[in-house]
Amino acid sequence: MRPFTYERATSAGDAAARVARTPGAKFIAGGTNLLDLMKIEVETPAHLIDVNGLGLDRIEPTAEGGLRIGALVRNTDLAADKRVRRDYALLSRALVAGASGQLRNKATTAGNLLQRTRCPYFYDTNQPCNKRQPGSGCAAIGGYSRPLGVIGVSEACIATHPSDMAIAMRALDALVETVRADGSIRTIPIVDLHTLPGTTPHIETTLGKGEFITAVTLPRPIDGTHIYHKVRDRASYAFALVSVGAIVRKDGGGRIAIGGIAPKPWRVEAAEAEMPRGAKAVASRLLAGATPTRENAFKLTLVERTLDAVLAQARA
Amino acid sequence: MSSLSDFELSRRGMMVGTAIATTIPSLADAASPASIAETHTASVSFEVNGEPRQLELDARTTLLDALREHLHLTGTKKGCDHGQCGACTVIVDGRRINSCLTLAVMHEGAKVTTIEGLGAPGHLHPMQAAFVKHDGYQCGYCTPGQICSAVAVLDEIKAGIPSHVTADLMGAIEPTNMEMRERMSGNICRCGAYSNIAEAMAEVAGERA
């Protein structure tokens, strides 16, 4: 690990300003992803600002009937919150489908959204990777691509976003609250938080320099059966090959977001109109324009079959 | 490397020395003044197994390395050092975490419990006794992490924290075999003692119920 200087943040606004003006500075919260990457020198921050003491660890009701989740609420606490279990079961289910108990105890809400891809070539510093080293090429295309993306990807990068929680947040239309380096605040709909790789896969979000997530807000609860179905190579503690986060109403309509297939939570509102017509109809709209590799083309079938299982579970 | 002088030149001491040489990257080029100047220290105070501790550390020091190399609590093990195996599991402020994936300096004021704090020969923690009784280990390397995790798992079930296999998110959670297995997935055992570990946990959960 490269040496770095360390300080504890005193306020969110101050932390944002310090990260913006200090070369190589990064926030550290749970640290479960950042330290992992620092050990292999994929991440090499020169300065860490520890935001754990900022007290952004509460879940509070909003005036609109939703919930405001502090950026530092741990994944375990979010999944276990009684209001989340009752009104946002999809979120609770997605959280406990991710990582291990130890990691969920440390990982934070904002950190979960900002975690990096698990593409094996991003982790291997001996390999080219446009995300890690812009312009160096993509070893995944033509390489081991079985776990990687099939849609929203580009010729520069086929990495996926690994989060389960973000899939639920996308289906729920969560809002991301931030404070910027100049002290101003803004709200970003989660659909606009993550960017597609295009020719700049090293840029993963629309956050500005030093911009700091303070909370994630959930709108009012959405009626319907909440289901998170994750398909993976092991029964537990593995990233999704395909995951389906769904809220299915009695009339068969609802919302669907897919994980494991794209650089961001994959949701196509037009595909949701097809829900009463079944999984095949939904999948063909969701996956229109997909560009899988030979190794991961199976994900297209797997999405349809997982959707079919989810819609059947909702009817049962 | 003053911590080394506290150790006798025993097999364990040799192993610790080797671990340091392979895990602190700056050691190899310690002769270069530039790399020494680059190292930044920070201080932290926390409680480990009920005792207050204050350390001045290279900011890079993980909680795991602070426990093992600075406080000489070598019960906590370094396996993968990337949060995948769970050998480094300790309990911090009542929650089990991977001590390898967190910096020691991030734990100002925390209460840390390691395997040494749970029990010792002569007065074993019930989970330690159950692991012995049910043969919940073979080589034993993952065992301290398994036991710290297992103790915390029963607390998580009692606190109503759901898992991936919890059928009803709103109901009481039973300490079933499936719950134990799911919740222990962050602790790998290369010897494959899993079924015996789950039995040890079931016994302790039964006694507490």
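So you know, we letter chains A, B, ... as the sequences are listed, proteins then strands, and number each from 1.
Separating the CD atom in B:E108 from the CG atom in A:D50 is a distance of 10.5 Å, to the nearest 0.5 Å. One distance of note links OG of A:S100 with CZ of B:R183; it measures 12.5 Å at 0.5 Å rounding. Interatomic distance, A:R104 CZ to B:S163 OG, rounded to the nearest 0.5 Å: 7.5 Å. Taking CG of B:N98 as the start and CG of A:L35 as the end, the distance is 11.5 Å to the nearest 0.5 Å. For the atom pair CG (A:N52) and CG (B:L103), the distance works out to 10.0 Å, reported to the nearest 0.5 Å. Distance check, rounded to the nearest 0.5 Å: CD of A:Q102 to SG of B:C85 gives 9.5 Å.
Shown here for A:R85 and B:P162, the closest heavy-atom pair between the two residues is CD-CG, 4.0 Å. Closest heavy-atom contact between A:F4 and B:A59: CZ-O, 3.5 Å. In terms of heavy atoms, A:V96 sits closest to B:E182 at O-OE2, 4.1 Å. Across all non-hydrogen atoms, the minimal contact from A:A89 to B:L169 is CB-CD1, 3.7 Å.
With a threshold of 4.5 angstrom between heavy atoms, A:A107 does not approach chain B through any atom at all. Heavy atoms closer than 4.5 Å to chain B are found nowhere in A:L95, neither backbone nor side chain. A:R8 touches chain B through its side chain: at least one heavy atom from C-beta onward sits under 4.5 Å away, while N, CA, C and O do not. Within the 4.5 angstrom heavy-atom criterion, no atom of B:T41 approaches chain A. Of the two parts of A:S92, only the side chain, counted from C-beta on, holds a non-hydrogen atom closer than 4.5 Å to a non-hydrogen atom of chain B. Residue A:K230 does not touch chain B at all, counting heavy-atom pairs closer than 4.5 Å. For B:D168, the part lying near chain A is the backbone, with the side chain staying farther off; criterion is any non-hydrogen pair under 4.5 Å. Residue A:A46: no heavy atom, backbone or side chain, is found under 4.5 Å from chain B. Heavy-atom distances place the side chain of A:I28, and not its backbone, under 4.5 Å from chain B. Only the side chain of B:A42 comes within contact range of chain A, with heavy atoms under 4.5 Å apart.
Side-chain contact, A:D36 with B:Q84: no donor N or O sits under 3.5 Å from an acceptor N or O.
Surrounding CZ of A:R305 are at most 12 heavy atoms belonging to other residues, nucleotides or ligands under 6.0 Å away. Taking a 6.0 Å sphere around CG of A:D223, one finds it holds 12 or fewer heavy atoms contributed by other residues, nucleotides or ligands. Other residues, nucleotides and ligands contribute over 12 non-hydrogen atoms within 6.0 Å of the NZ atom of A:K39. Environment of CZ in B:R190: sparse, with no more than 12 heavy atoms of neighbouring residues, nucleotides or ligands closer than 6.0 Å.
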Next item on the list: Please assess A:T76 against B:E156 for the test side chain to side chain contact (heavy atoms under 4.5 Å, CB included), listing each intermediate value before the final yes or no.
Entry: CA-CA 10 Å; A:T76 296; B:E156 287 166 16; 5.8 Å; no

Note to self: Walk me through whether A:K106 and B:V92 qualify under side chain to side chain contact (heavy atoms under 4.5 Å, CB included).
What the structure shows: CA-CA 10 Å; A:K106 208 78 186 119; B:V92 177; 5.9 Å; no

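Contact tally against chain B (heavy-atom pairs below 4.5 Å) for A:M38, A:E7, A:R232: the top residue is A:R232. Chain A forms the most heavy-atom pairs under 4.5 Å with one residue out of B:I161, B:V153, B:L101, B:T102, and that residue is B:L101.
In this structure, A:D77 pairs ionically with B:R95, as a charged nitrogen and a carboxylate oxygen lie closer than 4.0 Å.
Using a distance-only test at 3.5 Å, with no hydrogens or angles considered, a donor-acceptor pair links the side chain of B:R60 to the main chain of A:M1.
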